[in-house]
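Below: the structure, in structure tokens.
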Amino acid sequence: VPYRTDFNDSGSGNWSASDNYSQSISAVPRWVRMVASPTQNQKIMATLDTLGQVTTQIFDGNSWSTLEVLNSGSNLIDAALNNRDFYRGFDLAYERGTGQAVIVYSNNSNTPQFRTRPATASSWSSPIGIPNWPTGSSGIIQWVRLESNPTASSSEMVLMAEDINSNIFGAVWNGSTWISTTTFATSATATEQPFDVAYVWADTTPAHALAAYGDTSATNAWSYNIWY
């Protein structure tokens with residue numbers, strides 16, 4: 001994956017003159033997601049490639065860490081199909097308060113997997129299926145979206161995901177486990193990402209998340225739910 005750096009902090013305000021390259025992955029990257037740590041000089045890049053692999057590597061400001069492959073074999077995204085790189089079946093975020101990273105991804109099943117990486121850890125935890133995932137999830141998870149609470153002391157995140165059968169689901173990470181799993185919609189558009197989530201907050205009021213999504217049962221209108 002080629003990249004360039006911007007050395008604006010040195011006063012130049014320019015991108016580096018040529019492409020640099022992170023650690024090589026074994027296939028062509030199709031989706032790239034990068035997030036910055038709120039507590040240290042660290043950025044995690046996750047990629048989904050044409051083989052359906054989700055990989056991560058960390059940039060410490062100078063170099064990239066060893067590549068970590070999070071899924072393989074029958075756990076590749078859409079392992080039995082030809083749509084391995086059509087949809088972004090992963091996302092990651094940092095807990096604002098602790099700097100712990102959380103990644104959620106499809107493993108070719110109807111329940112998304114997650115891993116955690118504390119700020120001082122050198123690798124991801126073992127994969128775990130999100131507990132109490134809605135029973136209406138009947139197909140492979142294709143789209144994943146994860147958003148962290150921006151409050152300085154918070155460890156909260158909101159997850160939205162959609163499966164191949166047009167069902168949209170949600171869950172909340174509280175810093176140690178997933179709670180309040182729910183089904184938002186059952187007739188969305190599976191070939192696109194017809195949903196998103198963001199936090200609304202102010203210094204004087206607690207942050208709350210707004211999840212918006214499209215559903216063919218609500219013609220020409222968006223539906224939404226708020227997490228307080």
Side-chain angles (χ1 to χ4, degrees), residues 33 35 44 46 48 52-56 68-79 87-121 123-149 151 153-186 188 190 193 195-199 206-213 224-228:
R33 179 87 166 96
V35 293
I44 299 179
L48 171 63
Q53 294 180 130
V54 176
T55 62
T56 66
E68 294 182 76
V69 180
L70 303 188
N71 60 340
S72 61
S74 61
N75 291 325
L76 293 170
I77 293 179
D78 281 350
Y87 318 108
R88 200 187 80 181
F90 72 93
D91 203 1
L92 71 161
Y94 281 97
E95 294 178 2
R96 179 67 178 84
T98 68
Q100 173 172 256
V102 178
I103 188 166
V104 179
Y105 59 96
S106 171
N107 72 334
N108 198 40
S109 75
N110 63 354
T111 302
Q113 305 292 294
F114 79 97
R115 298 180 188 232
T116 59
R117 191 183 191 117
T120 58
S123 62
W124 292 100
S125 65
S126 298
I128 302 174
I130 292 181
N132 302 313
W133 194 246
T135 56
S137 181
S138 56
I140 296 169
I141 298 296
Q142 293 192 149
W143 296 101
V144 177
R145 177 74 172 88
L146 192 60
E147 183 75 5
S148 56
N149 187 321
T151 305
S153 60
S154 179
S155 298
E156 184 181 88
M157 300 180 186
V158 170
L159 167 69
M160 295 186 74
E162 183 178 8
D163 68 17
I164 197 172
N165 293 327
S166 305
N167 302 301
I168 299 176
F169 308 102
V172 176
W173 173 255
N174 66 6
S176 59
T177 191
W178 295 94
I179 61 172
S180 299
T181 54
T182 189
T183 300
F184 288 126
T186 58
Q193 183 192 300
F195 65 87
D196 206 0
V197 58
Y199 274 88
H208 57 274
L210 189 149
Y213 49 92
Y224 69 93
N225 291 79
I226 299 175
W227 171 261
Y228 291 98

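Nothing here was measured: the structure is a model prediction, and the numbers come from that model.
Side chain of D91 to backbone of L146: a donor-acceptor contact under 3.5 angstrom is found. When atom types are taken as modelled, the side chain of D163 and the backbone of N165 share a donor-acceptor pair closer than 3.5 angstrom. R33 places no side-chain N or O within donor-acceptor distance of the main-chain N or O of R88, the cut-off being under 3.5 Å. Using a distance-only test at 3.5 Å, with no hydrogens or angles considered, no donor-acceptor pair links the side chain of T183 to the main chain of A185. In terms of modelled atom types and a separation under 3.5 Å, the side chain of N71 and the main chain of N108 share no donor-acceptor contact. Checked by atom type and distance alone, the side chain of N107 never pairs as donor or acceptor with a backbone atom of N75 at under 3.5 Å. No donor-acceptor pair under 3.5 Å is formed between the side chain of Q100 and the backbone N or O of T116.
The minimum heavy-atom distance between Y224 and L210, with the atom names listed, is CB-CD2, 4.1 Å. Taking each heavy atom of L70 and W124 in turn, the nearest pair found is CD2-CD1, 3.8 Å. Minimum interatomic distance between R96 and N149 (heavy atoms only, all atoms of both residues): CB-O, 3.3 Å. For the pair M157 and A93, the tightest heavy-atom approach, listed with the atom from each and the gap, is CE-O, 3.4 Å. Y105 approaches P127 most closely through the heavy-atom pair OH-CB, 3.4 Å. Minimum interatomic distance between A46 and T56 (heavy atoms only, all atoms of both residues): CB-CG2, 4.0 Å.
With rounding to the nearest 0.5 Å, the separation of CD in Q113 from OG in S126 is 11.0 Å. Separating the OG atom in S106 from the CD1 atom in I164 is a distance of 9.5 Å, to the nearest 0.5 Å. One finds the CG atom of N167 at 11.0 Å from the CD atom of Q142 (value rounded to the nearest 0.5 Å). How far OG of S148 is from CD of E95: 9.0 Å, rounded to the nearest 0.5 Å. Atom CD1 of I130 and atom CD1 of I179 lie 12.5 Å apart (nearest 0.5 Å).
Under the side chain to side chain contact (heavy atoms under 4.5 Å, CB included) rule, I141 has a single partner from Y87, F90, W133, which is W133.
Using a cutoff of 4.0 Å between basic side-chain nitrogens and carboxylate oxygens, E68 and R115 are not scored as salt-bridged.
Taking the six-membered ring where the residue is Trp, W178 and W173 present tilted rings, their angle falling between 30° and 60°.
Between W143 and F195, a ring centre-to-centre spacing not shorter than 6.0 Å is recorded.
Here the side chains of F169 and P112 are not in contact, with every heavy-atom distance at 4.5 Å or above.
Around atom CG of N132, no more than 12 heavy atoms belonging to other residues, nucleotides or ligands sit under 6.0 Å away.
No hydrogens or angles considered: a donor-acceptor pair under 3.5 Å links the side chains of Y199 and E156.
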Residue pair M160, D196: steps toward the side chain to side chain contact (heavy atoms under 4.5 Å, CB included) verdict:
CA-CA 7 Å; M160 295 186 74; D196 206 0; 5.9 Å; no

